[in-house]
Asks: 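Sending over a structure as structure tokens; questions will come in a sec.
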Protein chains: 2
Amino acid sequence: MKRPTLEAVAARAGVSKSSVSRVVNGETTVTPEIRDLVIQAVRELGYVPNGAARSLATQRTSAVAVIVSDPPKGLVSDDPMFSAVVRTVSRELEAAGKQVTLMLAGSPESQLRVEQFVAAGHVAGVMLVSMHGADPLPASLARMGVPMVSLGRVAAGVPYVDNDNVGGARVAVRHLLARGRRRIATITGPLDMVASQDRLAGYRETLRDTGRRSIVAIGDFTRISGAECMRQLLDDDPALDAVFAANDLMAVGALRALREAGRRVPEDVAVVGFDDIEAALYTAPPLTTVHSPMEDQAAATARLLLGLFEGEPGHPVIMPHRLVIRESA
Amino acid sequence: MKRPTLEAVAARAGVSKSSVSRVVNGETTVTPEIRDLVIQAVRELGYVPNGAARSLATQRTSAVAVIVSDPPKGLVSDDPMFSAVVRTVSRELEAAGKQVTLMLAGSPESQLRVEQFVAAGHVAGVMLVSMHGADPLPASLARMGVPMVSLGRVAAGVPYVDNDNVGGARVAVRHLLARGRRRIATITGPLDMVASQDRLAGYRETLRDTGRRSIVAIGDFTRISGAECMRQLLDDDPALDAVFAANDLMAVGALRALREAGRRVPEDVAVVGFDDIEAALYTAPPLTTVHSPMEDQAAATARLLLGLFEGEPGHPVIMPHRLVIRESA
DNA sequence: CTGAAAGCGCTAACAG
DNA sequence: CTGTTAGCGCTTTCAG
């Protein structure tokens with residue numbers, strides 16, 4: 001019933017624990033004969049090293065924490081980014097022999113849990129995903145000196161991967177201007193997130209540069225908020241002829257609200273989203289959007305962390321964006 | 001730089017390691033005075049117990065593996081289920097003091113990784129998510145005697161939570177029949193998944209019972225496959241007047257293919273999906289679908305596992321379904 | 001190159 | 001109720 005230990009293997013092979021340990025850990029300073037003996041015994045006994053004991057002895061661990069800010073229930077409940085990010089990151093980290101410990105960090109209690117967990121030395125590194133700007137977690141983790149990276153820019157000092165949010169927003173708005181749109185509104189993400197702030201800034205700057213005024217509704221990256229904001233914008237400024245949604249999910253909501261309000265897209269109102277999620281291809285009409293490769297970003301973030309383990313410096317990485325023009329604008 | 005140990009706390013408080021251990025582990029058999037002394041020292045030193053040492057000594061662990069079959073890249077890439085499931089399960093498990101180790105099990109190598117990991121005794125239990133029917137993993141894990149549950153029915157013997165896939169499909173098809181539809185096609189999920197098989201069975205039975213023939217296209221639960229299957233079905237049987245897609249993502253793809261083929265929904269072709277993901281509300285027209293509460297299922301699965309830890313039997317749980325009628329049928 | 005021995009930090013009998 | 005004493009399974013000097 002109990003699993004075999006190093007000692008059992010040693011006994012079986014008729015060698016010392018040290019030799020077994022060496023073989024198991026792939027050290028080269030072992031006579032082939034002993035090596036074979038050990039390998040044989042390992043196989044016969046089905047030996048698998050005990051990680052707890054190993055961590056204790058080495059003071060190291062191969063676990064990595066992936067920390068995701070967990071929004072209140074319902075919000076971003078089926079965020080397509082979440083799935084892409086978690087999958088990609090897991091794949092990348094697992095390929096490097098790391099175990100992924102997923103932790104949600106929404107409530108203050110869960111933040112504490114995360115801090116304790118990291119403080120306990122359970123993980124070799126931390127990867128932050130889409131933290132909110134005001135979040136105190138990055139700072140307190142940084143203080144503990146654990147290697148850390150972030151997907152999405154956060155407080156200074158933490159190496160990150162991000163896309164060019166300002167530039168992407170600019171390109172979106174310029175496109176609308178180029179198509180002759182005059183009254184261009186925007187639906188923002190939650191303003192405590194850096195990505196939201198940057199996309200809003202890109203929108204604002206571009207309009208300011210051409211002497212136009214901003215028309216802003218504040219959403220939270222969900223479809224429902226996109227629909228609500230769109231309705232509100234239509235109320236406030238019935239003459240608007242374009243809207244830039246800070247993500248595709250909200251653009252989807254906006255499309256629905258426009259449809260319900262009897263506006264044609266893009267004839268009456270042009271819509272541009274951000275992210276280029278797969279769903280953007282299936283809206284009616286298909287969504288014009290700013291493509292920023294989330295999978296690539298996630299993979300790059302994972303590799304940034306792995307690089308940190310190797311002693312690399314960890315310079316921020318900014319991924320390029322690209323406007324994908326489809327029928328909605 | 002090093003983190004304080006139990007011993008350091010004991011020294012600081014002027015008591016024995018045992019007493020500190022007792023206090024830290026919340027045993028009640030400790031004099032209040034000593035308790036306070038220890039708590040004080042813990043606070044001053046910022047002591048956090050070392051989990052590796054604890055696991056080693058107790059032969060227990062608070063980690064739980066959540067194993068997700070990882071489809072080839074691109075497939076189900078932004079599956080809304082994934083996000084809902086992982087979030088809900090994490091929340092539930094974390095609330096119970098468990099750490100969630102996420103593992104992808106797609107390739108044979110990753111399967112091996114998972115087996116080794118579980119064999120190494122790293123986890124107290126395992127939760128399977130949407131495994132494919134032919135998957136050998138459940139059986140080999142079961143053999144190791146680790147507590148295990150599954151979200152979605154798998155090989156016999158593993159306690160599971162699932163929805164009534166057969167019943168849900170029946171209700172969908174009956175609804176189409178009741179609306180006078182005559183030629184009802186279906187787009188299935190990948191047939192190596194039990195859920196796909198069951199939904200197909202429900203469709204088939206219902207049609208058979210009314211003397212109609214089945215029209216089947218085999219998809220893989222992705223939007224793109226939904227679109228492709230729809231095109232194919234239209235080719236094969238241009239006179240079809242309804243389609244039951246085995247999930248909403250494929251229904252979304254089907255809607256698009258129908259639109260492109262110039263068919264009106266629901267006038268020419270009625271569409272019913274399955275799952276009731278949030279996106280079903282935002283299609284044009286909004287999707288009629290079989291609601292099965294994924295969040296509830298995920299939570300129930302997590303609790304099933306927690307129950308196993310408490311020695312509860314672990315009876316299968318079947319969640320009810322409910323047809324949500326919207327404009328597409 | 002191999003083996004013996006000393007821990008890693010914590011828990012769990014067992015005395016006191 | 002508290003302290004002492006063995007380990008948990010593995011790595012890692014350090015001799016041999």
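Heavy-atom basis, side chains included; hydrogens, waters and symmetry copies ignored. Quick note on labels: first sequence line is chain A, next is B, and so on, each numbered from 1.
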Asks: Any idea which heavy atoms bring A:V9 and A:V38 closest together, and the distance?
Replies: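 Smallest interatomic distance, heavy atoms only, reads CG1-O, 4.3 Å.
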Asks: Which nucleotide in the list D:dC10, D:dC8, C:dA12 gets nearest to the side chain of B:L56?
Replies: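 That would be D:dC8.
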Asks: In whole angstrom, what separates A:K17's NZ from D:dT13's P?
Replies: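 Taking atom P of D:dT13 as the reference, NZ of A:K17 is at 16 Å.
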Asks: Using the side-chain heavy atoms of A:T31, tell me which of these nucleotides is nearest: C:dC1, D:dT11, D:dC10.
Replies: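 Of the candidates, C:dC1 comes closest.
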Asks: With a non-hydrogen cut-off below 4.0 angstrom, is B:S19 in contact with a base, only sugar-phosphate, or nothing?
Replies: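 Touches sugar-phosphate only.
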Asks: Looking at D:dG3, D:dT2, D:dC10, which one has an atom nearest to any side-chain atom of B:S18?
Replies: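 Nucleotide nearest to B:S18's side chain: D:dG3.
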Asks: Give one of base, sugar-phosphate or nothing for A:S21, where a contact means two heavy atoms less than 4.0 Å apart.
Replies: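 Counting heavy atoms under 4.0 Å across all strands, the contact made by A:S21 includes a base.
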Asks: Assign B:R60 to base, sugar-phosphate, or nothing according to its heavy-atom contacts below 4.0 angstrom with the strands shown.
Replies: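 Contact class for B:R60: sugar-phosphate only.
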Asks: With a 3.5 Å cut-off and no angle check, do the side chains of A:Q111 and A:E115 form a donor-acceptor pair?
Replies: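 No.
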Asks: At less than 4.0 Å, is any side-chain N or O atom of B:T5 found next to OP1 or OP2 of C:dG9? Yes or no.
Replies: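 Checking C:dG9 against B:T5, no side-chain N or O comes under 4.0 Å of OP1 or OP2.
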Asks: May I ask you to verify if any side-chain N or O of B:S55 is less than 4.0 angstrom from the OP1 or OP2 atom of D:dC8?
Replies: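 So the side-chain polar atoms of B:S55 never come under 4.0 Å of the phosphate oxygens OP1 or OP2 of D:dC8.
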Asks: Looking across every strand, which nucleic acid part, if any, lies under 4.0 Å from A:V24 by heavy atom: base, sugar-phosphate, or nothing?
Replies: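 Here A:V24 touches no strand at all.
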Asks: Between the main-chain N or O of B:A119 and the side-chain N or O of A:R3, is there a donor-acceptor pair closer than 3.5 Å?
Replies: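 At least one qualifying donor-acceptor pair exists.
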Asks: Round to a whole Å and report the spacing from CD of A:E27 to P of D:dT12.
Replies: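 Checked: the CD to P distance equals 8 Å.
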Asks: Taking OP1 and OP2 of D:dG9, is either one under 4.0 Å from a side-chain nitrogen or oxygen of B:Q59?
Replies: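 Indeed, a polar side-chain atom of B:Q59 lies that close.
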Asks: Does the side chain of B:N25 get closer than 4.0 angstrom to OP1 or OP2 of C:dT11 through an N or O atom?
Replies: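 Yes, such a contact exists.
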Asks: What are the two closest heavy atoms between B:A120 and A:P49, and how far apart are they?
Replies: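 Scanning both residues completely, I find the closest heavy atoms to be CB-O, 3.5 Å.
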Asks: From the set D:dG7, D:dC10, C:dC1, return the single nucleotide nearest to any side-chain atom of B:A57.
Replies: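 Output: D:dG7.
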Asks: Looking only at N and O atoms, is any donor in the side chain of B:R22 or the base of D:dG3 less than 3.5 Å from an acceptor on the other one?
Replies: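 A donor-acceptor contact between them is present.
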